[in-house]
Each structure stands twice: as structure tokens, then as C-alpha cells.
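If you're wondering where the values come from, they're calculated on a predicted model, not measured in any experiment. Residue numbers start at 1 and run along the sequence shown.
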Amino acid sequence: MLELRRNPPIAALFALALSLAWTLGTIATEIVEIPGAEGRTIELEVDVPPDFDPDVAYPVLVGAGDYYWQDHPSQPGWIIVLSAAFWSPDRLEDAPRVLAWIRENYRVRGGGCHSTGWSRNSAGIFEIAMAYPEQFLSVTGVAGMPGRGSEKDLEKLRDVRVQFIVGENDTYWKNGSEDWHQKLKALGVDSTLEIIPDGAHVMPELINKPFFERMNRLVAKIEAAQ
């Protein structure tokens, strides 16, 4: 396992404050640096449950940001890996390095990761999933959708569960999510669309527990089909 670089003092104090604020405990966060292509360094934020057991296989969620679990309360049973590698211009080179690091350091439940993105960063998440579908069990767009994709590209998601979650009042993203959802369904991809009543583009009502309730249901659906 690569050497871990600990959080700076300010971040450590913030994490301590959160641990006092949440009676169920907080996720244990590490900042990890791994080598990227052409001498680049890829920084990861790795969150594991408070009761993490290295011998247990956990579902793994990867993405470019943490808005929908921004306060880092305890999320039993999930490993979360965040990195700009999932949205940077070099994402198709860097994302596989992150995914390889995850497999080298953790037991990945189900044999693949779950990915999520929202708004503009979701395009990169979908692009990575289409490029490396064997690495993923699901991709979720929360007010998010593919930026582009030919039928050939989209068909690569046939073994990847796709879910769109979008606000009723978020007209542009709702219409786009509906269109992409129908395209995927027509190609035989298992895609679902949830429209949040009276929801806007940013949906604070989904932060933390509601978001992970949806992710847990998705995991259960995938495992029931295996």
C-alpha cells in the first residue's frame, strides 16, 4: 500500500469537530497521493467507515466532488474515493490509475465501483464509465447526464446500471436527463429516472442520508440480479 499523507492541521481540527458533532461517528478521511502519467501527482480523498475492516468487501463510490455528502456523517458500509482525476482534462488517463489503486488497497464489493456526478462534472463521469465499463457497477447523474456519446459508446453501458435523479423545476437538466434516459433504454441499458417533486438544480434535500438510501437500493437491485 502506498504511503498516506495525513490531512493538514486545519483539516484535522475540522474532522475532530465533526466527530464531536455526530453521535454515530464520522468517516475516517485520508488524503492520498498516487503517481499519474507524465510525472503528474493525483490526489485522492479516501473516506472509509468508522468501523472499517480490511477483510470486508465494501461498495465503493468514486466521483469528482462531495456535495451530496459534504458534511461527512457516518455512511455505514461505503468507501468513498474523491478526486479531480474524474473530471480533469486527463481523466481518461488518470481515472484508470485511481481505479487500479482502489483494487490494490481495498476489497471491492461486487467487483466494480459505483460512480456519481452532478451538473457539469457528470459528463466526465459518464465518459469514464463508457471508456471502462468493466470497472463499474453503476453510474448516477444527480442533475447530471452524458455530455455526448454515440450509440456505440452508450451500448458499452449495458452491464452498468444507470440512474438519473433530477429536480422537477430544473428544466434544462430534466429535459436532458429524460432524453438520455430514453436513449439508453432503447439500447437495452438498465436506466432509471427519478424526478424530485419541486426540486431545483441543486437539491439539498438529497444530501447525505437520502442520497445513500438511493445508492443502497441500487446496490440491492444489482446484487439481486447477479
Item to check | Test: Asp90 and Arg40 ion pair at under 4.0 Å | outcome: yes
Next on the checklist: When you compare the side chain of Glu194 with that of Gln163, does any pair of heavy atoms fall below 4.5 Å?
Outcome noted: no
Item to check | Residues Arg148 and Asp153 bridged, charged N to O under 4.0 Å | outcome: no
Checklist entry - Any donor-acceptor pair under 3.5 Å linking the side chain of Asp170 with the backbone of Val166? => result no
Checklist entry - Donor-acceptor pair, Arg107 side chain versus Asp55 backbone, under 3.5 Å? => result yes
Next on the checklist: Measuring only between side-chain heavy atoms, which start at C-beta, is Tyr58 closer than 4.5 Å to Val108?
Outcome noted: no
Next on the checklist: Any carboxylate oxygen within less than 4.0 angstrom of a Lys/Arg side-chain nitrogen, looking at Lys183 and Glu151?
Outcome noted: no
Checklist entry - Any idea which heavy atoms bring Ala64 and Trp87 closest together, and the distance? => result CB-CB, 4.0 Å
Checklist entry - How far apart are the closest heavy atoms of Ile125 and Ser115, and which atoms are they? => result CG2-OG, 3.6 Å
Next on the checklist: Can you confirm if the aromatic rings of His114 and Trp78 lie within a centre distance of less than 6.0 Å?
Outcome noted: yes
Checklist entry - Minimum heavy-atom separation for Ser122 to Gly144, with atom names? => result OG-CA, 3.1 Å
Checklist entry - Does any non-hydrogen side-chain atom of Glu178 lie less than 4.5 Å from one of Leu193? => result yes
Checklist entry - Short question: side chain of Arg161, backbone of Val219 - any donor-acceptor pair under 3.5 Å? => result no
Item to check | Exam field: side chain Thr116 to backbone Thr140, donor-acceptor pair closer than 3.5 Å | outcome: yes
Checklist entry - Within a strict 4.5 Å, meaning less than it, do heavy atoms of the Val142 and Tyr68 side chains meet? => result yes
Checklist entry - Counting only heavy atoms not in Asp179, do more than 12 fall under 6.0 Å of its CG? => result yes
Checklist entry - If every non-hydrogen atom of Ile128 is compared with every non-hydrogen atom of Ala85, which pair is closest and at what distance? => result CD1-O, 4.4 Å
Checklist outcome for this item: On a heavy-atom basis, the closest approach of Gly110 and Leu137 is O-CD2, 3.7 Å
Item to check | Centroid separation Trp101 to Tyr106 less than 6.0 Å | outcome: yes
Item to check | Pairs where residues 129-172 contributes a residue and the test ring-ring contact (aromatic ring centres under 6.0 Å, His included) is met, not counting sequence neighbours | outcome: Phe126-Phe164
Checklist entry - Side chain of Arg214, backbone of Pro210: donor and acceptor closer than 3.5 Å? => result yes
Checklist entry - Considering only heavy atoms from C-beta outward, does the side chain of Met145 approach that of His181 to under 4.5 Å? => result no
Checklist entry - Is the shortest heavy-atom distance from the side chain of Asp53 to the side chain of Asp51 under 4.5 Å? => result no
Checklist entry - Near Arg120 CZ, under 6.0 Å, is it more than 12 heavy atoms from other residues, nucleotides or ligands? => result no
Item to check | Side-chain touch Leu184/Leu157, heavy atoms, less than 4.5 angstrom | outcome: yes
Next on the checklist: Other residues, nucleotides and ligands only: do more than 12 of their heavy atoms fall within 6.0 Å of CD on Glu134?
Outcome noted: yes
Next on the checklist: Pair Leu44, Ile34 - check side chain to side chain contact (heavy atoms under 4.5 Å, CB included), show working.
Outcome noted: CA-CA 8 Å; Leu44 317 177; Ile34 66 174; 4.2 Å; yes
Checklist entry - Is the closest side-chain heavy-atom distance between Ile196 and Ile165 below 4.5 Å? => result yes
Item to check | Closest non-hydrogen atom pair between Val81 and Val98, with its separation | outcome: CG1-CG1, 4.1 Å
Item to check | Glu168/Lys174 ion pair, N-O < 4.0 Å | outcome: no
Checklist entry - Do Glu223 and Arg109 pass the salt bridge (charged side-chain N to carboxylate O under 4.0 Å, His left out) test, and can you show the C-alpha distance, the side-chain angles, and the key distance before you say yes or no? => result CA-CA 10 Å; Glu223 294 183 347; Arg109 181 168 163 178; 2.6 Å; yes
